Engineer: 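Here it is, the structure, as structure tokens.
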Amino acid sequence: MKMLPMKMSPQLRRRLFLLPLLLPALLLILAAVGPAPARAQGADLAPIVAKFANDSYGDTADALAALSATGSDQAAAIVAALAEGRLVFDPSTKAVFIRTPSGAVTDAATGAAVARPPAALTAVRANNRVRRAIEAASGALSLLNPDAGKRRAAAAAVFKSRDAAALETLDTAIAKEQVPDVKAAFEDARAAILINAPSASEADRLAAVKRIAARGDQESLAMLRAVPADAPAPVKAAAAAGIAAVERNLAFWNVAQNIWYGLSLGSVLLLAAIGLAITFGVMGVINMAHGEMVMLGAYTTFVVQEIIRNSAPWLFDWSLTIALPLAFVFTGLVGILIERTVIRFLYGRPLETLLATWGVSLILQQAVRTVFGPTNQEVGAPSWMSGAFQVGQMSITYNRLWIIVFSLMVFFALLLILKRTSLGLYVRAVTQNRRMAAAMGIRTGRIDALTFGLGSGIAGIAGVALSQIDNVSPNLGQGYIIDSFMVVVFGGVGNLWGTLVGAFTLGVANKLLEPVAGAVLGKILLLVFIILFIQKRPRGLFALKGRAVES
């Protein structure tokens with residue numbers, strides 16, 4: 001089949017004829033337009049980057065300040081490279097390069113790859129001044145980052161560095177910011193810069209003083225105290241008023257923090273004393289081995305975590321949940337064994353029980369040293385018990401918070417057992433009148449063993465909790481046995497509510513006395529107070545009622 005020739009119009013022929021002539025011009029235009037941003041950025045950064053090759057700390061800091069004002073991605077890459085020791089220069093040509101983590105070399109000003117980098121490259125040096133400039137430049141360059149978290153961190157960095165070079169970028173960031181807390185962080189950083197800026201107007205400096213004082217933290221106090229003597233009189237007066245307000249605020253939060261520490265200590269004392277309260281109340285036994293039950297519970301946690309680490313690491317967050325029942329059962333059985341083999345033969349002889357249980361405590365400590373060694377053992381914290389959060393100027397750690405919650409759960413669980421079960425009924429009967437309970441057919445010896453096992457088991461789960469805040473060692477229980485007896489005697493022997501009130505009262509009082517009198521003298525003052533208190537109320541805050549206990 002023959003193809004018919006296609007006819008072209010004269011206009012089409014002229015266009016085709018001009019196409020070869022227009023193509024080079026079009027390519028030149030595209031070449032000029034395409035890489036313009038990169039070249040412009042390189043041209044803009046080249047004079048700044050050249051300062052890094054001067055090997056001068058002052059020039060390096062100046063270059064960082066200039067880079068932070070550009071806001072470019074390449075500037076951020078240069079600052080990051082300097083922070084990580086990857087910014088290098090050629091001493092002969094003064095060319096500056098970035099060595100990437102993979103080992104490649106790029107031009108610092110443009111970011112273009114360098115095929116044949118110079119053989120001798122020297123790292124740009126940094127001192128403390130340069131490191132502060134790096135931190136300030138990183139913060140300024142991150143102020144416009146799309147990630148809100150990075151913007152917040154950048155604002156914190158600028159607040160700390162107070163670099164005036166970031167002020168223009170900061171104003172732009174404030175105008176664009178939509179997230180309230182990030183915008184507040186930006187405004188705090190702006191106030192930190194303006195508060196001591198001589199070029200700022202008096203109105204701006206007064207507003208900055210007011211904003212910094214409203215923060216009410218230690219950093220604010222330091223900034224307000226740093227207001228120079230040559231500042232305008234209204235600024236100095238506002239700073240003085242702000243210092244007084246911040247000091248009052250910090251004093252309030254300091255007391256609140258100490259009360260929180262006291263509640264935390266009280267929860268520890270409650271866990272350590274709650275088992276002792278029922279054994280001491282039911283049997284009248286001065287059990288000096290009670291602290292070792294706490295220690296055995298902590299070592300049970302250690303063994304459980306070691307097994308999980310070696311066999312099932314994905315279960316680590318459940319390690320405390322697994323250790324709790326095991327510690328209760330193990331220490332409860334040890335307590336029953338001690339009661340059946342030692343204590344049952346010494347009822348009615350408190351001095352002998354004190355000496356015997358003290359001997360048992362030494363035996364248990366030495367046994368643990370033989371098996372696990374005398375050094376502290378590592379017990380990890382699950383993820384849900386790690387970290388802290390702020391309430392005003394008060395820091396609350398999750399492990400302490402969970403221990404307070406756990407101690408209250410144990411308290412109310414034990415209260416439920418004593419009030420709502422037959423075992424609790426028998427225990428209360430034996431506590432109030434042992435002879436009458438025996439006459440009514442209650443096997444007091446069996447109740448003694450079960451009560452001692454219950455108290456020891458509770459001490460064991462106290463050890464699980466204490467493993468998260470104290471060193472797990474053979475001497476763990478020795479630090480709590482005296483305080484536990486103080487709590488029990490102060491609250492009322494055998495009374496759980498008294499133990500609860502006594503533990504938290506002594507814990508808070510101890511932490512409030514420590515800043516004033518010191519740790520040792522504060523403990524002595526508490527002991528003197530308890531001695532005087534017992535002279536007035538020998539049965540403690542909440543005395544049990546019954547013919548036996550009142551006789």
Side-chain angles (χ1 to χ4, degrees), residues 260-261 263-275 289-335 360-389 395-410 456-484 507 511 519:
W260 166 254
Y261 288 151
L263 293 175
S264 176
L265 175 61
S267 67
V268 172
L269 295 178
L270 177 64
L271 282 174
I274 195 170
H290 186 77
E292 277 54 53
M293 300 297 106
V294 176
M295 178 261 293
L296 290 179
Y299 272 96
T300 303
T301 310
F302 166 71
V303 171
V304 168
Q305 287 196 353
E306 284 298 297
I307 294 173
I308 288 176
R309 283 192 183 103
N310 297 326
S311 304
W314 59 88
L315 287 176
F316 187 81
D317 276 350
W318 293 89
S319 58
L320 295 187
T321 308
I322 297 170
L324 281 172
L326 294 177
F328 179 81
V329 172
F330 175 63
T331 54
L333 291 175
V334 171
V360 170
S361 73
L362 296 179
I363 293 170
L364 291 175
Q365 288 181 44
Q366 191 56 46
V368 169
R369 285 193 183 93
T370 303
V371 176
F372 297 101
T375 58
N376 296 340
Q377 300 298 335
E378 179 185 359
V379 175
S383 59
W384 48 274
M385 288 188 72
S386 303
F389 62 94
S395 176
I396 297 179
T397 56
Y398 284 108
N399 59 352
R400 295 277 183 176
L401 178 62
W402 278 112
I403 288 176
I404 290 177
V405 173
F406 177 69
S407 66
L408 293 175
M409 290 172 61
V410 171
S456 299
I458 293 172
I461 61 177
V464 176
L466 291 179
S467 68
Q468 299 300 301
I469 59 174
D470 208 340
N471 296 323
V472 178
S473 69
N475 298 321
L476 172 64
Q478 293 299 304
Y480 295 97
I481 185 64
I482 302 301
D483 287 338
S484 298
K511 288 302 179 181

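Quick note: residue numbers are just sequence positions, from 1. Predicted model, so just to flag it, every value in this text is computed and none were measured.
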Engineer: So does L315 get a backbone contact from the side chain of S319, meaning a donor-acceptor N/O pair under 3.5 Å?
Structural biologist: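 No, the answer is negative, given that no donor and acceptor are paired below the 3.5 Å cut-off.
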Engineer: Hey, what do you get for OG (S361) to CD (Q366), rounding to the nearest 0.5 Å?
Structural biologist: 11.5 Å
Engineer: If you compare all heavy atoms of A298 against all heavy atoms of L476, which two are closest, and at what distance to 0.1 Å?
Structural biologist: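 So the minimum-distance heavy-atom pair works out to CB-CD2, 3.4 Å.
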Engineer: Test side chain to side chain contact (heavy atoms under 4.5 Å, CB included) on T331 and I458; report intermediate values, then the result.
Structural biologist: CA-CA 8 Å; T331 54; I458 293 172; over 6 Å; no
Engineer: To the nearest 0.5 Å, what is the distance between CG on N376 and CG on N475?
Structural biologist: 9.0 Å
Engineer: Is there a side-chain contact between V410 and L271, using heavy atoms and a 4.5 Å cut-off?
Structural biologist: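 Yes - at least one pair of side-chain heavy atoms lies under 4.5 Å apart.
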Engineer: Taking all non-hydrogen atoms of both residues, which atom of S407 and which atom of S267 are closest, and how far apart?
Structural biologist: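 So the two residues come closest at OG-CB, 3.4 Å.
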Engineer: So, for S386 and P382, which heavy atoms are closest and what is the spacing to 0.1 Å?
Structural biologist: OG-O, 3.0 Å
Engineer: Mind telling me whether W384 and W402 have parallel, tilted or perpendicular rings, with 30° and 60° as the class edges?
Structural biologist: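 Perpendicular, since the angle between the ring planes exceeds 60°.
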Engineer: For the pair N399 (side chain) and M385 (backbone), establish whether a donor and an acceptor sit closer than 3.5 Å, ignoring hydrogens and angles.
Structural biologist: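 Not confirmed, N399 side chain does not pair with M385 backbone.
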Engineer: Can you list the residues that meet the ring-ring contact (aromatic ring centres under 6.0 Å, His included) rule with W260, with sequence neighbours excluded?
Structural biologist: none
Engineer: Check whether any side-chain heavy atom of I308 sits under 4.5 Å from a side-chain heavy atom of I322, and report yes or no.
Structural biologist: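 Answer yes - side chains close enough.
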Engineer: Test side chain to side chain contact (heavy atoms under 4.5 Å, CB included) on L263 and I404 and set out the steps.
Structural biologist: CA-CA 8 Å; L263 293 175; I404 290 177; 4.2 Å; yes
Engineer: Let me confirm one number: the CD1-OH distance from I396 to Y261, rounded to the nearest 0.5 Å.
Structural biologist: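 OH of Y261 is found 10.0 Å from CD1 of I396.
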Engineer: Quick one about E292 and Q478 (side-chain donor to acceptor, distance below 3.5 Å, no hydrogens or angles considered), yes or no?
Structural biologist: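 Short answer, yes.
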Engineer: Can you name the residues that form a salt bridge (charged side-chain N to carboxylate O under 4.0 Å, His left out) with R369, not counting sequence neighbours?
Structural biologist: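 R369 satisfies salt bridge (charged side-chain N to carboxylate O under 4.0 Å, His left out) with no residue once adjacent residues are dropped.
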Engineer: Quick one: closest heavy-atom pair of A459 and M293, and the distance?
Structural biologist: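 In this case the closest contact between A459 and M293 is CB-CB, 3.6 Å.
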Engineer: Has the side chain of Q468 got a donor or acceptor atom that lies under 3.5 Å from a matching backbone atom of G380?
Structural biologist: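 Yes; at least one donor-acceptor contact below 3.5 Å.
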Engineer: Identify the two heavy atoms, one from Y480 and one from S484, that lie closest to each other, and give their separation to 0.1 Å.
Structural biologist: O-OG, 2.6 Å
Engineer: Which residues satisfy the side-chain contact (heavy atoms from CB on, under 4.5 Å) test with V329, sequence neighbours excluded?
Structural biologist: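 Here the qualifying residues are L333.
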Engineer: Take N471 and S473 through the side-chain hydrogen bond (donor to acceptor under 3.5 Å, both in side chains) test and state the conclusion after the steps.
Structural biologist: CA-CA 6 Å; N471 296 323; S473 69; over 6 Å; no
Engineer: From I469 CD1 over to R400 CZ, what is the distance, rounded to the nearest 0.5 angstrom?
Structural biologist: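 Reported to 0.5 Å precision, the distance equals 4.0 Å.
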Engineer: Walk me through whether I307 and Q305 qualify under side chain to side chain contact (heavy atoms under 4.5 Å, CB included).
Structural biologist: CA-CA 5 Å; I307 294 173; Q305 287 196 353; over 6 Å; no
Engineer: Considering non-hydrogen atoms only, spot the tightest contact between T375 and Y299 and give its length.
Structural biologist: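 Shortest heavy-atom separation between T375 and Y299 comes out as O-OH, 4.3 Å.
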Engineer: Given V294, which partner from the list D470, L466, V464 fulfils the side chain to side chain contact (heavy atoms under 4.5 Å, CB included) test?
Structural biologist: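 Of all the options given, the one that passes is L466.
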Engineer: For L324 and F406, what are the C-alpha separation, side-chain angles and deciding distance, and is it a side chain to side chain contact (heavy atoms under 4.5 Å, CB included)?
Structural biologist: CA-CA 11 Å; L324 281 172; F406 177 69; 3.5 Å; yes
Engineer: Could you give the distance from OG1 (T301) to CD1 (I461), rounded to the nearest 0.5 Å?
Structural biologist: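 It is 10.5 Å, given to the nearest 0.5 Å.
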